[in-house]
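To start, the structure itself, in structure tokens.
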Amino acid sequence: MMPFGILIVICGSAALMYLWLRFRREVPILMYHRIMDFPGDGLSVHPEDFRRQMEYLASHGYHTVNLSMLHDHLTKGTPLPRKPVVITFDDGYEDNFTNAMPVLKKHGMTAIVFVISDWIGKQNEWEVQRPGRPVCRTMDLDQLREWLDAGLEIGAHTVSHPRLSELTEEEIARELTDSKKALESLLNVPVDFLCYPYGNFDGRVRRLASASYKAALAISSGTTIWHNDLYALRRVSVSARKPLQDFAAKVTPLHILNQGLHNLRHSKGAEKGRK
């Protein structure tokens with residue numbers, strides 16, 4: 001009979017091998033917010049850093065894909081190009097248009113911006129009450145149309161950017177469906193993808209999102225590493241003032257696997273703390 005310790009090692013090694021084989025095919029979904037030089041704001045990536053990051057992707061054989069392509073890959077097995085990566089922007093800041101879009105166009109890249117339908121062309125009033133958050137504007141309708149004309153995509157980020165899990169079911173449904181309807185009416189394009197504000201969602205939010213959208217993006221909390229949940233897709237956050245080596249590591253399968261394992265440990269710890 002095999003010693004118990006050896007059996008544990010074999011089972012653990014098999015589990016890690018399974019995870020590696022699965023995550024080596026994982027498509028990194030990069031999460032950006034502002035593309036602006038704003039010291040002290042961890043979610044603002046300096047335009048020069050963003051330029052270097054896109055140059056790194058282009059020069060190292062990465063190919064940007066849109067969420068429609070990723071959705072078809074996950075649901076139908078449609079093949080993707082070698083080294084695929086998805087680029088996303090949350091909130092629809094004007095500096096995405098002025099500082100990110102020209103770089104994306106230069107390299108023939110695609111990306112999606114998630115827009116708050118009630119704050120198009122307005123100041124970021126959903127977050128300026130938080131200490132240290134810079135005041136800025138979001139893209140207006142003309143800029144959003146230019147974004148689409150450049151071959152880039154637009155998704156929904158709710159009506160008013162609330163923490164969805166803290167709302168009633170009726171309020172959740174209104175935030176999800178009204179934002180989709182408003183954007184489709186204003187821009188005359190289908191809006192099939194949703195991004196949860198703050199990465200915040202629960203079972204009710206996920207269920208209601210699945211009634212209106214093809215997929216929804218989270219951050220890492222509440223996601224699973226065992227399979228790709230279309231309504232809780234994981235993303236890799238790109239933070240401010242990090243060296244290029246840090247960015248290079250983030251688009252590798254090893255980083256995505258490590259992030260997934262970290263999230264699994266965190267979820268188990270949180271669950272244990274609630275007992």
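Only this structure's heavy atoms are used, side chains among them; waters, hydrogens and symmetry mates stay out.
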Legend entry - Interatomic spacing from OG in S117 to CD1 in I154 - rounded to 0.5 Å: 12.0 Å
Legend entry - Residue pairs involving residues 61-72 (criterion side chain to side chain donor-acceptor pair (under 3.5 Å); sequence neighbours excluded): none
Inset, instruction - Find out whether L30 and V86 are in side-chain contact, i.e. whether some heavy atom of one side chain is under 4.5 Å from a heavy atom of the other. - result: no
Legend entry - Any residue meeting side chain to side chain donor-acceptor pair (under 3.5 Å) with Q245, in chain and number order, not counting sequence neighbours: none
Inset, instruction - Identify, with sequence neighbours excluded, every residue that meets side chain to side chain donor-acceptor pair (under 3.5 Å) alongside E94. - result: Q143
Legend entry - Separation of I120 CD1 from T138 OG1 (nearest 0.5 Å): 7.5 Å
Inset, instruction - Go through the steps for R34 and C136 under the test side chain to side chain contact (heavy atoms under 4.5 Å, CB included), then give the verdict. - result: CA-CA 9 Å; R34 297 201 66 189; C136 58; 3.5 Å; yes
Legend entry - Rounded distance (nearest 0.5 Å) linking atom OG1 of T78 with atom CE of M69: 9.0 Å
Legend entry - Considering all heavy atoms, the nearest T110-V65 contact: CG2-C, 3.7 Å
Inset, instruction - Can you see which heavy atom on T177 is nearest to which on S212, and at what distance? - result: CG2-OG, 3.5 Å
Under 3.5 Å, which donor-acceptor pairs do the side chains of residues 201-210 form with other protein atoms, sequence neighbours left out?
{"unit_1": "D202", "atom_1": "OD1", "unit_2": "R204", "atom_2": "N", "d": "3.1"}
{"unit_1": "D202", "atom_1": "OD1", "unit_2": "V205", "atom_2": "N", "d": "3.0"}
{"unit_1": "D202", "atom_1": "OD2", "unit_2": "R204", "atom_2": "NE", "d": "3.4"}
{"unit_1": "D202", "atom_1": "OD2", "unit_2": "R204", "atom_2": "NH2", "d": "3.2"}
{"unit_1": "R204", "atom_1": "NH1", "unit_2": "L167", "atom_2": "O", "d": "3.0"}
{"unit_1": "R204", "atom_1": "NH2", "unit_2": "S165", "atom_2": "O", "d": "2.9"}
{"unit_1": "R204", "atom_1": "NH2", "unit_2": "L167", "atom_2": "O", "d": "3.1"}
{"unit_1": "R206", "atom_1": "NE", "unit_2": "D229", "atom_2": "OD1", "d": "3.3"}
{"unit_1": "R206", "atom_1": "NE", "unit_2": "D229", "atom_2": "OD2", "d": "3.0"}
{"unit_1": "R206", "atom_1": "NH2", "unit_2": "D229", "atom_2": "OD1", "d": "2.8"}
{"unit_1": "R207", "atom_1": "NH1", "unit_2": "E169", "atom_2": "OE2", "d": "3.4"}
{"unit_1": "R207", "atom_1": "NH2", "unit_2": "E169", "atom_2": "OE1", "d": "3.0"}
{"unit_1": "R207", "atom_1": "NH2", "unit_2": "E169", "atom_2": "OE2", "d": "2.9"}
{"unit_1": "S210", "atom_1": "OG", "unit_2": "R207", "atom_2": "O", "d": "2.6"}

Legend entry - Gap between atom CG of L183 and atom CZ of F114 - 0.5 Å precision: 11.0 Å
Inset, instruction - Search all heavy atoms of P79 against all heavy atoms of H73 and return the closest pair with its distance. - result: CA-ND1, 4.4 Å
Legend entry - 4.5 Å side-chain heavy-atom contact, I35 and Y93: no
Legend entry - Minimal non-hydrogen separation, L104 against F89, with atom names: CD1-CE1, 4.1 Å
Legend entry - L194 side, atom CG; Y231 side, atom OH - distance, nearest 0.5 Å: 9.5 Å
Inset, instruction - Following the transitive rule for hydrophobic clusters with a side-chain heavy-atom cut-off under 4.5 Å over Ile, Leu, Val, Met, Phe, Trp and Tyr, establish whether V115 and V159 coincide in one cluster. - result: no
Legend entry - Residues in side chain to side chain donor-acceptor pair (under 3.5 Å) contact with T158, at least two apart in sequence or another chain: none
Inset, instruction - Would you list the pairs meeting salt bridge (charged side-chain N to carboxylate O under 4.0 Å, His left out) in which at least one residue belongs to residues 100-114, sequence neighbours left out? - result: none
Legend entry - Shortest non-hydrogen contact between A156 and S179, atoms and distance: CB-OG, 3.9 Å
Legend entry - Residues forming a side chain to side chain donor-acceptor pair (under 3.5 Å) with T88, sequence neighbours excluded: R235
Legend entry - Flag side-chain contact, heavy atom, 4.5 Å: V85 against I29: no
Inset, instruction - For the residue pair W147 and N96, establish whether any side-chain heavy-atom pair is separated by less than 4.5 Å. - result: yes
Inset, instruction - Starting from the C-alpha separation in whole Å, work towards a yes-or-no answer on side chain to side chain contact (heavy atoms under 4.5 Å, CB included) for V251 and V236. - result: CA-CA 8 Å; V251 293; V236 178; over 6 Å; no
Inset, instruction - Flag the pair I219 / M31 as yes when at least one side-chain heavy-atom distance between them is below 4.5 Å, and no otherwise. - result: yes
Legend entry - OG-CD distance between S160 and E171, expressed to the nearest 0.5 angstrom: 9.5 Å
Legend entry - N99 side-chain N/O to P47 backbone N/O, donor-acceptor pair under 3.5 Å: no
Legend entry - Closest non-hydrogen atom pair between S44 and A240, with its separation: O-CB, 2.9 Å
Legend entry - Polar side-chain atom of H33 near backbone of D90 as donor-acceptor pair, under 3.5 Å: no
Inset, instruction - Apply side chain to side chain contact (heavy atoms under 4.5 Å, CB included) to the pair I112 and I87, showing each step before the final yes or no. - result: CA-CA 7 Å; I112 184 168; I87 299 173; over 6 Å; no
Legend entry - side-chain contact (heavy atoms from CB on, under 4.5 Å), paired with V113, selected from H157, M139, E153: M139
Legend entry - Pairs where residues 51-60 contributes a residue and the test side chain to side chain donor-acceptor pair (under 3.5 Å) is met, not counting sequence neighbours: Y32-Q53, E48-R51, D49-R52, R51-E55
Legend entry - Pairing residues for K242 by the side chain to side chain contact (heavy atoms under 4.5 Å, CB included) criterion, not counting sequence neighbours: S239, D246
Legend entry - salt bridge (Lys or Arg N to Asp or Glu O under 4.0 Å) partners for D149, two or more places apart: none
Inset, instruction - Enumerate the residue pairs fulfilling side chain to side chain donor-acceptor pair (under 3.5 Å) with a member in residues 183-196, sequence neighbours excluded, ordered by first and then second residue. - result: K180-E184
Inset, instruction - Show the numbers, then the answer: is there a side chain to side chain contact (heavy atoms under 4.5 Å, CB included) between L74 and L233? - result: CA-CA 11 Å; L74 295 176; L233 291 173; 4.1 Å; yes
Inset, instruction - Sort and list the pairs that fulfil salt bridge (charged side-chain N to carboxylate O under 4.0 Å, His left out) and have at least one residue in residues 159-168, not counting sequence neighbours. - result: none
